[in-house]
Amino acid sequence: MQNLFVVTGGSRGIGAQIARQAARHYPVVITYRSRADEATKLVRDIEAAGGQAWAICADVGDEAAMTDAFAQIDALGSIAVLVNNAGVTGGTARVDEVRAETLAEVWRVNVTGAFIAAREAVRRMSTARGGAGGVIVNVSSAASVLGSAHTWVHYAASKGAMDTMTVGLAREVAREGIRVNAVRPGLIDTEIQRDRPPQLLAQMVAAIPMGRMGTAEEMAQTVLWLASPAASYVTGALLDARGGL
Ligand code: NAP
């Protein structure tokens with residue numbers, strides 16, 4: 001069976017770069033929610049470069065869709081690496097304006113989605129369940145530490161939940177051959193930043209000690225390191241990649 005590298009939300013942005021870099025070493029499976037054209041193009045690009053890739057349409061927060069996606073993945077190989085990358089901001093709102101529907105959607109995708117994918121991966125990877133072990137990398141955010149005041153505290157809080165899950169799950173499965181870590185990107189130049197008012201984004205970039213946004217490629221390299229044997233003694237880590245912010 002092939003050892004697969006699975007990336008949720010791999011159709012564009014950080015997830016797509018993770019998939020492109022991972023495809024140099026592993027057969028890759030990406031999931032996506034709606035951008036089928038971009039997911040298909042990514043698969044074709046990887047194949048054209050000599051790699052193997054598959055794209056599965058599955059909303060990470062939909063349990064039935066995700067269990068079906070993992071059944072499809074089982075037919076392709078065994079999972080060596082899961083990257084919980086899919087995420088949404090819910091748009092900007094102060095806490096005194098935030099709507100319950102926004103909270104529910106952000107939690108459903110960013111928290112429930114990451115838990116469901118991690119659950120399915122652990123069931124397959126755990127040596128206590130007959131698996132061969134593996135690695136889970138969660139794509140959290142600097143927002144979990146900084147709080148995203150005046151922008152999206154709701155999103156920041158969802159990433160705080162992801163950080164806590166990372167530490168707890170890492171300890172839960174540390175003796176079952178599974179490492180679990182998180183990367184906390186700062187401001188990275190992807191479409192998600194278009195959810196933010198441009199003037200606010202410019203002010204925030206000016207405040208970054210390194211004086212620039214990060215790139216999806218840089219985040220992918222960080223994730224790939226955590227997923228690699230070079231990080232064999234690293235688990236439960238929350239790795240900041242935010243240009244000194
Ligand atoms: P992006 O460009 O908006 O891409 C988001 C990806 O997630 C897309 O592939 C999208 O699929 C997928 N997705 C969204 N909701 C989904 C759902 N319900 N089910 C399945 N897939 C879903 O965002 P990004 O900047 O690459 O962000 C990737 C991760 O990094 C997120 O978790 C984000 O919170 C985190 N992050 C980003 C930054 C940043 O500055 N960019 C900073 C810190 C953390 P479709 O294409 O099909 O819509």
Side-chain angles (χ1 to χ4, degrees), residues 6-21 28-43 53 55-66 68-70 82-92 102 104-118 120 137-148 151-152 154-163 165-166 182-196 200-201 204-205 208 212-220 222-223 238-243 245:
V6 178
V7 188
T8 68
S11 47
R12 56 198 165 92
I14 294 171
Q17 282 304 326
I18 295 168
R20 285 180 194 280
Q21 292 187 23
V28 169
V29 180
I30 62 163
T31 71
Y32 65 97
R33 180 177 51 184
S34 54
R35 303 267 191 104
D37 288 353
E38 284 168 70
T40 304
K41 181 178 181 311
L42 178 66
V43 168
I56 298 173
C57 181
D59 183 333
V60 279
D62 178 336
E63 185 174 24
M66 285 302 280
D68 182 61
F70 273 87
L82 166 71
V83 181
N84 272 319
N85 168 77
V88 293
T89 65
T92 56
T102 301
E105 179 62 5
V106 170
W107 255 247
R108 190 185 73 82
V109 176
N110 296 1
V111 183
T112 306
F115 263 88
I116 289 172
E120 295 302 314
V137 182
N138 292 326
V139 182
S140 175
S141 174
S144 73
V145 182
L146 303 174
S148 300
T151 309
W152 40 52
H154 47 276
Y155 166 78
S158 75
K159 294 299 188 177
M162 184 179 241
D163 287 357
M165 183 267 261
T166 302
V183 175
R184 295 196 293 212
L187 286 171
I188 310 305
D189 193 5
T190 70
E191 259 184 67
I192 216 170
Q193 290 298 343
R194 293 186 202 159
D195 291 356
R196 212 188 282 275
L200 178 63
L201 179 59
M204 292 178 72
V205 172
I208 298 170
R212 65 169 178 86
M213 296 176 85
T215 65
E217 289 84 349
E218 288 172 312
M219 294 309 101
T222 310
V223 168
L238 307 171
L239 181 52
D240 292 322
R242 49 189 171 141
L245 198 64

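Quantities reported herein were computed from a predicted structural model and do not represent experimental measurements. In what follows, residues are counted from 1 in the order of the sequence shown. Counting starts at 1 for both ligands and their atoms, following the listed order.
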Give me the residue, atom name and distance of the protein heavy atom closest to [atom].
atom: atom 1 (P) of ligand 1; value: Arg12 NH1, 3.6 Å
atom: atom 19 (N) of ligand 1; value: Val60 N, 2.9 Å
atom: atom 18 (N) of ligand 1; value: Asp59 OD1, 2.9 Å
atom: atom 38 (C) of ligand 1; value: Gly186 O, 3.9 Å
atom: atom 9 (O) of ligand 1; value: Ser11 OG, 2.7 Å
atom: atom 37 (C) of ligand 1; value: Ile14 CD1, 3.8 Å
atom: atom 25 (O) of ligand 1; value: Thr190 OG1, 2.4 Å
atom: atom 6 (C) of ligand 1; value: Gly9 O, 3.7 Å

For ligand 1, which atoms have a heavy atom of [X] less than 4.0 angstrom away?
X: Val88; answer: 14 (C), 15 (N)
X: Gln193; answer: 39 (C), 40 (O)
X: Gly13; answer: 2 (O), 26 (O)
X: Tyr32; answer: 20 (C), 21 (N), 47 (O)
X: Leu187; answer: 40 (O)
X: Gly87; answer: 7 (O), 14 (C), 31 (C), 32 (O)
X: Ser140; answer: 35 (C), 36 (N), 43 (C), 44 (C)
X: Tyr155; answer: 33 (C), 34 (O), 35 (C), 36 (N), 43 (C), 44 (C)

Less than 4.0 Å is my threshold; does some heavy atom of [X] fall inside it relative to ligand 1?
X: Lys159; value: yes
X: Ala58; value: yes
X: Gly61; value: no

Apply the side chain to side chain contact (heavy atoms under 4.5 Å, CB included) test between Thr112 and each candidate in Val109, Ile116, Asn110; give the one that qualifies.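 The passing option is Ile116.
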From the options Val6, Val183, Val223, select the one residue that forms a side chain to side chain contact (heavy atoms under 4.5 Å, CB included) with Val83.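 Exactly one option meets the side chain to side chain contact (heavy atoms under 4.5 Å, CB included) with Val83, and it is Val223.
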Out of curiosity, [X] [atom1] to [Y] [atom2], how far, rounded to the nearest 0.5 Å?
X: Ser148; Y: Arg196; atom1: OG; atom2: CZ; answer: 6.5 Å
X: Thr222; Y: Gln21; atom1: OG1; atom2: CD; answer: 9.0 Å
X: Arg12; Y: Glu191; atom1: CZ; atom2: CD; answer: 4.5 Å
X: Arg242; Y: Leu187; atom1: CZ; atom2: CG; answer: 11.0 Å
X: Thr215; Y: Ile14; atom1: OG1; atom2: CD1; answer: 9.0 Å
X: Glu218; Y: Gln17; atom1: CD; atom2: CD; answer: 11.0 Å

Under the 3.5 angstrom rule, does the side chain of Thr31 hit a backbone N or O of Gly9 as a donor-acceptor pair?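 Side chain of Thr31 to backbone of Gly9, a donor-acceptor pair under 3.5 Å: yes, one is there.
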Are the side chain of His154 and the backbone N or O of Gly91 linked by a donor-acceptor pair below 3.5 Å?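 At least one qualifying donor-acceptor pair exists.
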Which residue pairs pass the side chain to side chain donor-acceptor pair (under 3.5 Å) test with at least one member in residues 83-92, sequence neighbours excluded?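 Listed by first then second residue: Asn84-Asn138, Thr89-Asp195.
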Salt-bridge present (Asp240, Arg184; N to O < 4.0 Å):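 Looking at Arg184 together with Asp240, the answer is yes, because their closest N to O distance falls below 4.0 Å.
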Salt bridge check: are Glu38 and Lys41 linked by an N-O gap of less than 4.0 Å?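 Salt bridge: no.
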Report the part of [X] in contact with ligand 1, treating N, CA, C, O as backbone and CB onward as side chain, heavy atoms under 4.0 Å; options are side chain, backbone, both, neither.
X: Val109; value: side chain
X: Val139; value: both
X: Arg184; value: neither
X: Ala16; value: neither

Is there a polar contact, in the sense of an N or O pair closer than 3.5 Å, between Asn85 and ligand 1?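 Between Asn85 and ligand 1 (N or O atoms, distance only) the closest approach is under 3.5 Å.
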